[in-house]
Every structure is written in structure tokens, then in C-alpha cells.
Amino acid sequence: MTDGMKAPIKTRASKDHRTITGAPRGKLMAGVFKLTWHAAAVDDRHRMVRSRW
């Protein structure tokens, strides 16, 4: 994958629906990846955007 490409992710929610886990569906190429995700709180629906290298 090159810079800016998206990878398919398989997600799963915990039994209590408080945690979402995601994993790539296939192998990733060697290198450094930037992960970006969006989330919304259930109680007040405020949005969060996070990135991690």
C-alpha cells in the first residue's frame, strides 16, 4: 500500500458494547503506518477523531 491507501479492516464489538476491536483483513507491507479513526460517544454523541503513528 502506498501513502493514503485504505486497508480493509475486520471489526468486532465486545459483549458489553463498550469496546470495538479492529484488525487488518490481510497482510500489511513492511513500513510505518498511520492509523486514523472516528468515534462518537453514546451519551452525548460528541465526536472524536484520533490519529496514531
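All of these numbers come straight from a predicted model, not from anything done at the bench.
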Note: Ala7 and Leu28 closest approach over all heavy atoms is CB-CD2, 4.3 Å
OG1 of Thr21 to CD1 of Ile9, rounded to nearest 0.5 Å, is 12.0 Å
Sorted by chain and number, sequence neighbours left out, side-chain contact (heavy atoms from CB on, under 4.5 Å) with Arg25 holds for Pro8, Lys10
